[in-house]
Amino acid sequence: MGDWWQHDIVEAGKLPLLLCSAAFVVTFLVTRGITRMIRAGRGPFRDNVSASGTHVHHAVYGIVLLILGALVAVGSAGPPYHELAAIAVGIGTSLVLDEFALILHLQDVYWTQEGRLSVEMVSLTAGCLMFALVGVLPNLKPPVAAGD
């Protein structure tokens with residue numbers, strides 16, 4: 001197990017991608033669990049509207065984490081900063097995409113049929129992250145014509 005980890009993850013430079021993927025999936029599952037508890041009126045976040053009546057959607061926190069993760073990734077050299085940036089980007093991306101339909105429609109469609117688009121976007125992104133993690137990447141080079 002240690003040889004696989006060292007060779008296929010650490011030496012291959014995939015640790016940030018693995019951390020980003022794991023943070024993305026775990027954040028989505030936790031966020032959906034919390035939002036279900038809020039909707040049911042249970043849990044520590046059941047009173048999620050401030051005294052002023054403004055509700056801060058979790059996409060806002062996601063945007064902040066995406067920006068911080070990007071700045072850390074661009075402005076740092078090597079471990080542990082790239083790993084921390086990957087975790088911030090994974091969490092931030094999950095929070096933003098979980099409210100993708102809300103952002104697209106500019107209204108709260110989280111629990112409606114239109115809100116399923118958020119789950120579809122999260123699923124698509126998780127799939128792409130997993131494909132990248134196992135090394136299945138699309139060939140982005142244009143095909144070479146015969147005789148060239």
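Below, each value reflects all heavy atoms present in this structure, side chains not excepted, and no hydrogens, waters or symmetry copies.
Closest approach of V109 to L102, counting heavy atoms only: CG2-N, 3.9 Å. Closest non-hydrogen pair, T27 versus I91, comes out as OG1-CG1, 3.3 Å. Across every non-hydrogen atom of A88 and G69, the tightest pair is CB-CA, 3.9 Å. Closest heavy-atom contact between V96 and G62: CG2-C, 3.6 Å. A101 and E114 get closest at one heavy-atom pair: CB-O, 3.4 Å. In terms of heavy-atom proximity, K14 sits nearest to V134 at NZ-C, 4.0 Å.
In this structure, a donor-acceptor pair under 3.5 Å is present between the side chains of H57 and E99.
A distance of 5.0 Å separates CG of L95 from OG1 of T31, quoted to the nearest 0.5 Å. Note: R116 CZ to F100 CZ = 15.0 Å, rounded to the nearest 0.5 Å. The CG atom of L15 lies 11.5 Å from the SG atom of C20; values are rounded to the nearest 0.5 Å. A distance of 11.5 Å separates CD1 of I87 from CG of L65, quoted to the nearest 0.5 Å. Rounding to the nearest 0.5 angstrom, the gap separating the OG1 atom in T125 from the CG atom in D98 is 11.5 Å. For the atom pair T93 OG1 and L129 CG, the distance stands at 8.0 Å (nearest 0.5 Å).
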Apply side-chain contact (heavy atoms from CB on, under 4.5 Å) to the pair F24 and V89, showing each step before the final yes or no. CA-CA 8 Å; F24 180 84; V89 167; over 6 Å; no
Please step through side-chain contact (heavy atoms from CB on, under 4.5 Å) for the pair T35 and W111, ending with a clear verdict. CA-CA 10 Å; T35 55; W111 297 109; 3.8 Å; yes
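Both tests pass for R32 against the ring of Y110: distance under 6.0 Å to the centre and angle within 45° of the axis.
Distance alone, capped at 3.5 Å, places no donor-acceptor pair between the S76 side chain and the Y81 backbone.
Proximity of M130 to V25: side-chain heavy atoms (C-beta onward) are separated by under 4.5 Å at one or more points. Two residues are said to be in side-chain contact when any heavy atoms from C-beta on lie closer than 4.5 Å; Y61 and V56 meet this criterion.
Cluster annotation: F28 and V60 are assigned to the same hydrophobic cluster (Ile/Leu/Val/Met/Phe/Trp/Tyr, side-chain heavy-atom contacts under 4.5 Å, transitive). Residue V72 is not grouped with residue L18 when hydrophobic side chains (ILVMFWY) are merged at heavy-atom distances under 4.5 angstrom, including chains of intermediate members. When hydrophobic clusters are built by joining Ile, Leu, Val, Met, Phe, Trp and Tyr residues whose side-chain heavy atoms come closer than 4.5 Å, directly or via intermediates, V122 is grouped together with L104. If you chain together hydrophobic residues whose side chains sit under 4.5 Å apart, I63 and L97 never meet in one group. Under a hydrophobic clustering in which Ile, Leu, Val, Met, Phe, Trp and Tyr are joined whenever their side-chain heavy atoms come within less than 4.5 Å, directly or via other members, L84 and L66 fall into different clusters.
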